[in-house]
Asker: 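Quick one: the structure is below, and I'll ask about it shortly.
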Amino acid sequence: MSQERSRSTDIWNTWSYSKLTTLYTCPLQFWFQYVLSLRAPTATMLAVGSALHFMAYRFFSVRYKSAESFASEWKHFWNGVVQSEHGPSSYDPRISRPVSIAWENGNQSGYWFHKGGEMLAGFYGRHIQHREPSANGVVIGAKAEHSFRRLAWRCYSLSGQIDRIDEYPDHVEIIDYKMGAEADIMVQGSLQPIFYQLAYELVLKNERFHGKPLRSIRIENLISGKEQEAGLATAAQIDTFNGYLAEASTFVRAILERRQPHLIEAPLTTLHPRGVADGIFYPRLPRGNHCKNCIFMVQCRDWEQKQPTPARDVWLEELWQRYLRESSDQPQLKFEK
């Protein structure tokens with residue numbers, strides 16, 4: 001069985017922050033993106049955000065001599081993304097494949113060519129003094145862009161990427177980069193820092209940072225430079241997080257295995273039981289702000305025009321077609337009578 005098919009068949013137990021919030025934001029978008037794995041042009045802000053994250057990572061590994069040289073490399077890198085020479089998260093097209101970007105207008109690529117340079121010049125100014133290890137053992141950016149995949153926690157596999165970890169003599173702090181600003185109550189109530197906290201406690205704490213405790217998780221706004229404290233999750237918040245995972249897992253598995261609502265393991269309190277009863281991932285209608293950066297608007301409108309087919313039937317057919325594609329290059333043995 002290929003890795004792709006393995007991911008598909010245990011889809012209800014493998015979660016990232018993006019995957020989890022997509023399901024709760026719009027089940028139909030989840031269906032298109034994480035079950036069917038449909039290809040669509042990348043949203044502009046997603047491409048820009050990925051590219052700026054890559055440059056922030058490079059800041060701590062490349063000796064830029066000035067803010068101007070750092071901003072200049074951004075322009076070179078961003079041109080490569082726009083010209084499809086490489087993807088938005090690496091110069092290496094084997095690591096980050098070129099993407100088609102869903103531009104909203106003809107001026108966006110040029111706008112971010114200049115705006116991104118301004119943002120990174122500000123980033124350089126804020127962090128140039130942090131680039132070198134200090135005499136007292138402080139290492140800002142001690143680990144940048146740490147990815148964790150299929151991290152076992154309870155009965156789930158968690159995935160994500162920590163943007164930056166700063167190491168101090170007696171503790172560490174996690175920094176997450178964001179493009180925009182959120183109200184403090186939204187930052188402090190987000191589930192994303194919990195993914196990072198669990199990854200640190202389960203793996204990084206002892207393997208990389210000699211048992212140093214995690215003291216804080218902060219959000220750095222790449223546009224303004226403002227930082228916000230996300231806070232560490234309490235035991236009660238971890239239980240709430242587990243509850244969201246349990247409901248998401250129950251919901252997805254019930255639809256894909258076509259279970260009746262009264263047979264599912266856990267009650268649904270946030271996701272609508274209609275989807276389980278009908279075996280369908282419904283869109284969140286009417287359309288609104290949650291659709292702003294969705295790359296599946298055309299498919300969503302098509303879905304609305306047609307009678308939806310139960311998801312389990314479509315999913316099984318998709319798995320069968322993947323199997324046929326994967327097996328098509330197998331040699332056919334000839335048998336003689």
Side-chain angles (χ1 to χ4, degrees), residues 17-18 41-92 95-96 98-99 101-132 140-147 160-166 173-184 186-187 190 192-193 196 216-230 292-293:
Y17 171 72
S18 296
T42 301
T44 302
M45 290 305 295
L46 180 59
V48 173
S50 296
L52 288 169
H53 276 66
F54 173 70
M55 291 300 300
Y57 157 74
R58 281 181 64 83
F59 174 83
F60 290 100
S61 60
V62 177
R63 303 287 178 173
Y64 297 100
K65 295 181 179 179
S66 65
E68 290 74 21
S69 65
F70 188 41
S72 178
E73 182 170 349
W74 157 259
K75 293 175 181 179
H76 173 68
F77 180 71
W78 180 242
N79 270 337
V81 174
V82 173
Q83 298 300 322
S84 297
E85 296 171 3
H86 51 75
S89 57
S90 174
Y91 274 116
D92 189 341
I95 297 174
S96 180
V99 297
I101 300 175
W103 304 111
E104 296 176 13
N105 58 65
N107 298 323
Q108 278 192 309
S109 63
Y111 171 82
W112 285 110
F113 178 84
H114 297 288
K115 182 65 175 178
E118 294 174 3
M119 291 168 58
L120 291 174
F123 185 92
Y124 183 98
R126 292 194 301 273
H127 294 298
I128 183 57
Q129 73 273 21
H130 298 147
R131 197 166 60 181
E132 299 290 343
I140 304 300
K143 196 166 185 63
E145 286 203 353
H146 170 74
S147 296
Q161 180 171 287
I162 300 174
D163 290 336
R164 195 178 93 215
I165 302 176
D166 298 342
E173 299 177 359
I174 288 176
I175 307 298
D176 185 53
Y177 301 129
K178 295 293 184 189
M179 288 288 290
E182 294 279 3
D184 287 343
M186 294 292 290
V187 170
S190 173
Q192 189 170 23
Y196 301 155
S216 72
I217 300 176
R218 299 195 307 278
I219 310 300
E220 179 178 341
N221 188 321
L222 288 175
I223 296 177
S224 68
K226 177 184 176 182
E227 288 191 355
Q228 294 172 280
E229 181 66 46
K292 183 176 180 181
N293 292 318

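Computed from heavy atoms alone, side chains included, the values below leave out hydrogens, waters and symmetry copies. Throughout, numbering of the chain's residues begins at 1 and tracks the sequence.
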Asker: What heavy-atom pair brings Pro193 and Ile217 nearest, and what distance separates the two atoms?
Answerer: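 Where Pro193 meets Ile217 most closely, the heavy atoms are O-CD1, 3.4 Å.
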Asker: Side-chain contact, heavy-atom cut-off 4.5 Å: Lys65 with Phe70?
Answerer: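 A side-chain contact under 4.5 Å is absent here.
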Asker: Please name all residues satisfying ring-ring contact (aromatic ring centres under 6.0 Å, His included) with Tyr177, sequence neighbours left out, ordered by chain then number.
Answerer: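 By the ring-ring contact (aromatic ring centres under 6.0 Å, His included) rule, Tyr177 matches His53, Phe123.
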Asker: Rounded to the nearest 0.5 Å, what separates atom NE2 in His130 from atom CD1 in Ile140?
Answerer: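 Answer rounded to 0.5 Å: 5.0 Å.
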Asker: For the OG atom of Ser18 and the CG atom of Leu46, what is their distance to the nearest 0.5 Å?
Answerer: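 The OG atom of Ser18 sits 8.5 Å away from the CG atom of Leu46.
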Asker: Report the distance from atom OG of Ser96 to atom NE2 of His86, rounding to the nearest 0.5 Å.
Answerer: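 Rounded to the nearest 0.5 Å, the OG-NE2 separation comes out at 8.0 Å.
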Asker: Does Asp176 reach the main-chain N or O of Ile219 with its side chain, forming a donor-acceptor pair under 3.5 Å?
Answerer: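 No.
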Asker: Return the minimal non-hydrogen interatomic distance between Gln161 and Ser147, and the atom names on each side.
Answerer: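 Shortest heavy-atom separation between Gln161 and Ser147 comes out as OE1-OG, 2.9 Å.
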Asker: To the nearest 0.5 Å, how far apart are CD1 in Ile174 and CD1 in Ile162?
Answerer: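 It comes to 4.0 Å.
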Asker: Distance-only, no hydrogens or angles: does the Ser50 side chain make a donor-acceptor pair with backbone N or O of Ala47 under 3.5 Å?
Answerer: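 No: the side chain of Ser50 does not pair with the backbone of Ala47.
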Asker: Could you work out, with side chain to side chain contact (heavy atoms under 4.5 Å, CB included) as the rule, every residue matching Ala144, not counting sequence neighbours?
Answerer: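 Checked Ala144 against side chain to side chain contact (heavy atoms under 4.5 Å, CB included); matches are Tyr57.
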Asker: Under a 3.5 Å cutoff, is there a donor and acceptor pairing between the side chains of Lys115 and Gln108?
Answerer: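 There is no such pair between these side chains.
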Asker: Can you tell me if Thr44 uses its side chain to pair, donor with acceptor, with the backbone of Ala102 under 3.5 Å?
Answerer: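 The answer is yes, because a donor-acceptor pair under 3.5 Å joins these two groups.
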Asker: Would you tabulate the side-chain donor-acceptor contacts of residues 220-230 under 3.5 Å, counting partners in other chains and residues two or more places apart, or write 'none'?
Answerer:
residue: Glu220; atom: OE1; partner: His127; partner atom: NE2; Å: 3.1
residue: Glu220; atom: OE2; partner: Arg126; partner atom: NE; Å: 3.2
residue: Glu220; atom: OE2; partner: Arg126; partner atom: NH2; Å: 2.9
residue: Glu220; atom: OE2; partner: His127; partner atom: NE2; Å: 3.1
residue: Asn221; atom: OD1; partner: Ile223; partner atom: N; Å: 2.8
residue: Asn221; atom: OD1; partner: Ser224; partner atom: N; Å: 3.2
residue: Asn221; atom: ND2; partner: Gly180; partner atom: O; Å: 3.4
residue: Ser224; atom: OG; partner: Lys226; partner atom: N; Å: 3.2
residue: Glu227; atom: OE1; partner: Arg218; partner atom: NE; Å: 2.7
residue: Gln228; atom: NE2; partner: Glu182; partner atom: O; Å: 2.8
residue: Gln228; atom: NE2; partner: Asp184; partner atom: OD1; Å: 2.6
residue: Glu229; atom: OE2; partner: Gly231; partner atom: N; Å: 3.3

Asker: For Ile165 and Glu173: C-alpha separation, side-chain torsions, deciding distance, then whether side chain to side chain contact (heavy atoms under 4.5 Å, CB included) applies.
Answerer: CA-CA 6 Å; Ile165 302 176; Glu173 299 177 359; over 6 Å; no
Asker: To the nearest 0.5 Å, what is the distance between CD1 on Ile175 and CG on Asp166?
Answerer: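 Those atoms lie 5.0 Å apart.
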Asker: For Asp92, give me all partners under side chain to side chain contact (heavy atoms under 4.5 Å, CB included), at least two apart in sequence or on another chain.
Answerer: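 Asp92 satisfies side chain to side chain contact (heavy atoms under 4.5 Å, CB included) with Ser90, Arg94, Ile95 once adjacent residues are dropped.
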Asker: Anything under 3.5 Å between a donor and an acceptor, one on a side chain of residues 73-83, the other on a protein residue two or more places apart or in another chain? List them.
Answerer:
residue: Glu73; atom: OE1; partner: Tyr64; partner atom: OH; Å: 2.5
residue: Glu73; atom: OE2; partner: Arg58; partner atom: NE; Å: 2.9
residue: Glu73; atom: OE2; partner: Arg58; partner atom: NH2; Å: 2.9
residue: Glu73; atom: OE2; partner: Tyr64; partner atom: OH; Å: 3.4
residue: Glu73; atom: OE2; partner: Tyr91; partner atom: OH; Å: 3.1
residue: Trp74; atom: NE1; partner: Trp112; partner atom: O; Å: 3.1
residue: Trp74; atom: NE1; partner: Phe113; partner atom: O; Å: 3.3
residue: Trp78; atom: NE1; partner: Ser109; partner atom: O; Å: 3.0
residue: Asn79; atom: ND2; partner: Lys75; partner atom: O; Å: 3.4

Asker: List in chain and number order the residues that pass side chain to side chain contact (heavy atoms under 4.5 Å, CB included) with Ser84, two or more places apart in sequence or in another chain; answer none if no residue qualifies.
Answerer: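 If we apply the side chain to side chain contact (heavy atoms under 4.5 Å, CB included) test to Ser84, skipping adjacent residues, the hits are Pro98.
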Asker: Quick check for you: to the nearest 0.5 Å, what is the distance between Ile101 atom CD1 and Thr42 atom OG1?
Answerer: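 Answer rounded to 0.5 Å: 7.0 Å.
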